[in-house]
Amino acid sequence: MGTFLRLIFESFRMASSQLWGNKLRSFLSLLGITIGIFCIIAVLSAIDSLEYTIKSGFSEMGSDIVFIDKFNWGEDPDDNYWKWQKRPDPSLLDYEAVKRKSNLADNVAYSIYTDAKTLKYKSNSVNGGVLMITTNEHKDVNDMVLGKGRYWTNMEYNTGQDVVILGATISKELFDQEDPVGKTIKCYGRPYRVIGILPDEGESFVSFTPNDEAVWMGINTAKKFFAINDKMDRFQTGKILAVKKKVSVTMENMKDELAGILRAVRHIKPAEENNFAVNDLSVISEVLDGVFGAFNVAAWLIGGFSLLVGMISVANIMFVSVKERTSIIGIKKSIGAKNYMVLTEFLIEAIILCLIGGMMGLILVFVMMKGVTTLLPFEMFLSMKNMVMGVSISVFVGIVAGIIPAIIASAMDPVEAMRK
């Protein structure tokens, strides 16, 4: 153990000597390792950060929820655009059939979203909001949490009372510093009492539901001025049916049961294909995995070329080092140094050189991640996994770059080496 520690110390001393004795040559040689590690780890970290942000945004939808929609989330909507458009939207009939017939569903919610037009409170007005019309189960299916106020009661929902819940941004723009709860706003020219405010979600790189800009209204309330049916303008409204499965039920069984119920309620013949899609988050995850997998391959290709250049540069340093220290190698071997000791010494020296280049690359990645985080609406981070990967790549490159010079040094004849 003592011998090995002395070898590491000696190798570190010689690596430091190489760096300080030939600063420009060492800098240029290690630059390839630094750039290679930077390219690979920076791209992988950016991809990991983006993937985490996107999947976290979608996870708000719930991993135990099945969504009935017109198109399959795993396909490009442009490929069969008109086919999807010809399909009927999820309807109240679908919602009622699933709620009545499903044995595997824990809860079912039906939602319609459309333009909220102009919202008014006294002299203040807001445009660009989203009107979310939903059944009473939405809060339970999507685990809706309010920042202030309350959700509507069953009586308010059933009787279609004029009450609404506002998103945080809409609330701030309409009421500024005033407490919105209990106040009355106008939507589509009708008065509605505000009973709750959603918490501020802030800027989000991906968000399935724009809660901050939304006005939530019960479907029975909306029926007073909307014809809630399939004839609603399908280019200005969106409809989705969300089904939350029971804990003990598998996702596949839930999807199979829903497909059977919907085929029956829509009178689809056995030989006909479904005119609906049954989606869940795993579909999106598979698509994202394929996209980010391609980015990972690109990162390795880009960084690989830089690492190859760096590897050759470090190998060149090691060849020069072996030549400059030939007589020293002869002396060491003549006084008892074994071949493996000489080989290990030069191999560790090459690894240390590459580790220095790799650490410089990781430091650059960390600084870049912190800088980019201040500019983008999501956090960029350097994970422990990528740090370990960067160090591991540096060690591997050091072994490959130093193995041949180390073998040459260990195979030298001590007498011939001392003569040189």
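Values below: all heavy atoms of this structure, side chains included; hydrogens, waters and symmetry mates excluded. Position 1 is the first residue of the sequence, and the numbers go up from there. Fair warning: this is a prediction, and the values are worked out from it, not measured in the lab.
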Return the CG to CG distance between Leu258 and Leu241, rounded to the nearest 0.5 Å.
7.5 Å
Derivation of the salt bridge (Lys or Arg N to Asp or Glu O under 4.0 Å) call for Asp89 and Lys70:
CA-CA 6 Å; Asp89 288 303; Lys70 290 197 296 186; 3.5 Å; yes
Side-chain donor/acceptor of Arg193 to backbone N/O of Val164, under 3.5 Å
no
Could you tell me which non-hydrogen atom of Ile68 sits nearest to which non-hydrogen atom of Leu262, and how far apart they are?
CG2-CD1, 3.6 Å
Within the supplied structure, the quantity of interest is the number of heavy atoms (other residues, nucleotides, ligands) at a distance under 6.0 Å from Lys269 NZ; does it exceed 12?
no
Any side-chain donor-acceptor pair under 3.5 Å between Thr135 and Glu137?
yes
Just checking Ile404: does its CD1 atom have more than 12 heavy atoms from other residues, nucleotides or ligands closer to it than 6.0 angstrom?
no
Is Met368 atom CE crowded by more than 12 heavy atoms from other residues, nucleotides or ligands, each under 6.0 Å away?
yes
Flag, side chain of Asn220 to backbone of Tyr157, donor-acceptor distance under 3.5 Å
yes
Single hit among Ile185, Ile170, Asn124, Ile197 for side-chain contact (heavy atoms from CB on, under 4.5 Å) with Phe175:
Ile185
Any donor-acceptor pair under 3.5 Å linking the side chain of Tyr113 with the backbone of Ala214?
no
Write down the atom of Ile268, the atom of Asn274, and the distance for their closest heavy-atom approach.
CD1-CA, 4.3 Å
Does the side-chain contact (heavy atoms from CB on, under 4.5 Å) test come out yes or no for Asp212 and Asp200, once each step is laid out?
CA-CA 6 Å; Asp212 286 347; Asp200 190 353; 3.3 Å; yes
Short side-chain to backbone donor-acceptor contact, Ser125 and Lys120, under 3.5 Å:
no
Is it true that a side-chain atom of Asn386 and a backbone atom of Ile40 form a donor plus acceptor pair closer than 3.5 Å?
no
Short question: side chain of Glu257, backbone of Asn103 - any donor-acceptor pair under 3.5 Å?
yes
